[in-house]
S.K.: 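Structure in structure tokens, see below.
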Amino acid sequence: MVRYSQYREVRKLTDFYDEVNALVNGILNYKVTRKEAADRINALKKEYGEDSFPEINFQKEPRPWDVEYLQKLKMMNIAGACSEDFILHMAEVAEDIIWKRRIAIIVIAVIAIVILVVLFL
């Protein structure tokens, strides 16, 4: 028979991983920045304990990062990688990718404007 205290501990652990998964999904959808990820991790450590994030050893790939690398990190997360350093690295990679996309859009827009100006002058 399961005691109420055991149930509470299991429920607390489930809640923790639900929150970590929500954080990772936000990162993968480019909705959570590195700063926001660090703030949420600190809030989770306060609520669930300083040792709530397991330590893992993983090899960071050097820049430039791309979407394929972010997908590789996603697969590592699905396999159980969810240390603080790993999640912050994932947020850094996602932030880098989104900045590259924004810069590419700006460059394309500037080129389009220059072409339009040259054509109509």
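Not measured: the values here are computed from a predicted model.
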S.K.: Under 4.5 Å side-chain heavy-atom separation, chaining through any Ile, Leu, Val, Met, Phe, Trp or Tyr, what else clusters with Val110? Say none if it is isolated.
M.R.: Ile106, Val114, Val118
S.K.: Specify the closest pair of heavy atoms between Lys100 and Pro64, including all atoms of both residues, with the distance to one decimal.
M.R.: NZ-CB, 3.7 Å
S.K.: If we ignore hydrogens and angles and just use 3.5 Å, is the side chain of Glu36 paired with the main-chain N or O of Thr33 as donor and acceptor?
M.R.: yes
S.K.: What is the minimum heavy-atom distance between Pro54 and Ser83, and which atoms define it?
M.R.: O-CB, 2.8 Å
S.K.: Using the ring-ring contact (aromatic ring centres under 6.0 Å, His included) rule, take Tyr17 and Tyr48 through it: C-alpha gap first, then chi angles, then the decisive distance, then the call.
M.R.: CA-CA 11 Å; Tyr17 281 108; Tyr48 295 102; 9.2 Å; no
S.K.: Give a yes or no on whether Leu116 and Val107 share a hydrophobic cluster (residues Ile, Leu, Val, Met, Phe, Trp, Tyr; joining criterion: side-chain heavy atoms under 4.5 Å apart).
M.R.: yes
S.K.: Please check this pair: side chain of Tyr69 against backbone of Glu61, looking for a donor-acceptor N/O pair closer than 3.5 Å.
M.R.: yes
S.K.: Taking the six-membered ring for Trp, are Phe58 and His89 parallel (under 30°), tilted (30 to 60°) or perpendicular (over 60°)?
M.R.: tilted
S.K.: Look up atom CD in Gln59 and atom CE in Met76, then write down how far apart they are to the nearest 0.5 Å.
M.R.: 9.5 Å
S.K.: With the threshold set at 4.0 Å, does a side-chain nitrogen-carboxylate oxygen contact exist between Lys45 and Glu84?
M.R.: yes
S.K.: Which residue pairs pass the ring pair (Phe, Tyr, Trp, His ring centres under 6.0 Å) test when at least one of the two sits in residues 92-121, sequence neighbours left out?
M.R.: none
S.K.: So Lys60 and Val93, do their side chains get closer than 4.5 Å, heavy atoms only?
M.R.: no
S.K.: What's the shortest heavy-atom distance between Ala37 and Val32, and which atoms?
M.R.: N-CG1, 3.7 Å
S.K.: How long is the span from the CG atom in Asn42 to the CD atom in Glu47, to the nearest 0.5 Å?
M.R.: 13.0 Å
S.K.: To the nearest 0.5 Å, how far apart are CD in Glu55 and SG in Cys82?
M.R.: 10.0 Å
S.K.: Using a strict 4.0 Å threshold on nitrogen-to-oxygen distance, state whether Glu92 and Arg63 make a salt bridge.
M.R.: yes
S.K.: Tell me if the CG atom of Asn57 is crowded by more than 12 foreign heavy atoms within 6.0 Å.
M.R.: no
S.K.: Here's a test for you: under side-chain contact (heavy atoms from CB on, under 4.5 Å), which of Leu70, Ile78, Asn77 qualifies with Lys74?
M.R.: Ile78
S.K.: Testing Val20, Ile27, Asn25 for side-chain contact (heavy atoms from CB on, under 4.5 Å) with Leu23, which one passes?
M.R.: Ile27
S.K.: Are any of the side-chain heavy atoms of Glu19 and Arg40 separated by less than 4.5 Å?
M.R.: no
S.K.: Using a 4.5 Å cut-off on heavy atoms from C-beta on, say whether the side chain of Phe53 contacts that of Asp85.
M.R.: no
S.K.: Counting only heavy atoms not in Lys31, do more than 12 sit closer than 6.0 Å to its NZ atom?
M.R.: no
S.K.: Which heavy atom in Leu73 sits nearest to a heavy atom in Phe86, and how many Å separate them?
M.R.: O-CZ, 3.2 Å
S.K.: Do Ile87 and Met75 share a hydrophobic cluster (ILVMFWY, side-chain heavy atoms under 4.5 Å, transitive)?
M.R.: no
S.K.: Would you compute the distance between atom CG of Asp66 and atom CD of Gln71 and round it to the nearest 0.5 angstrom?
M.R.: 10.0 Å
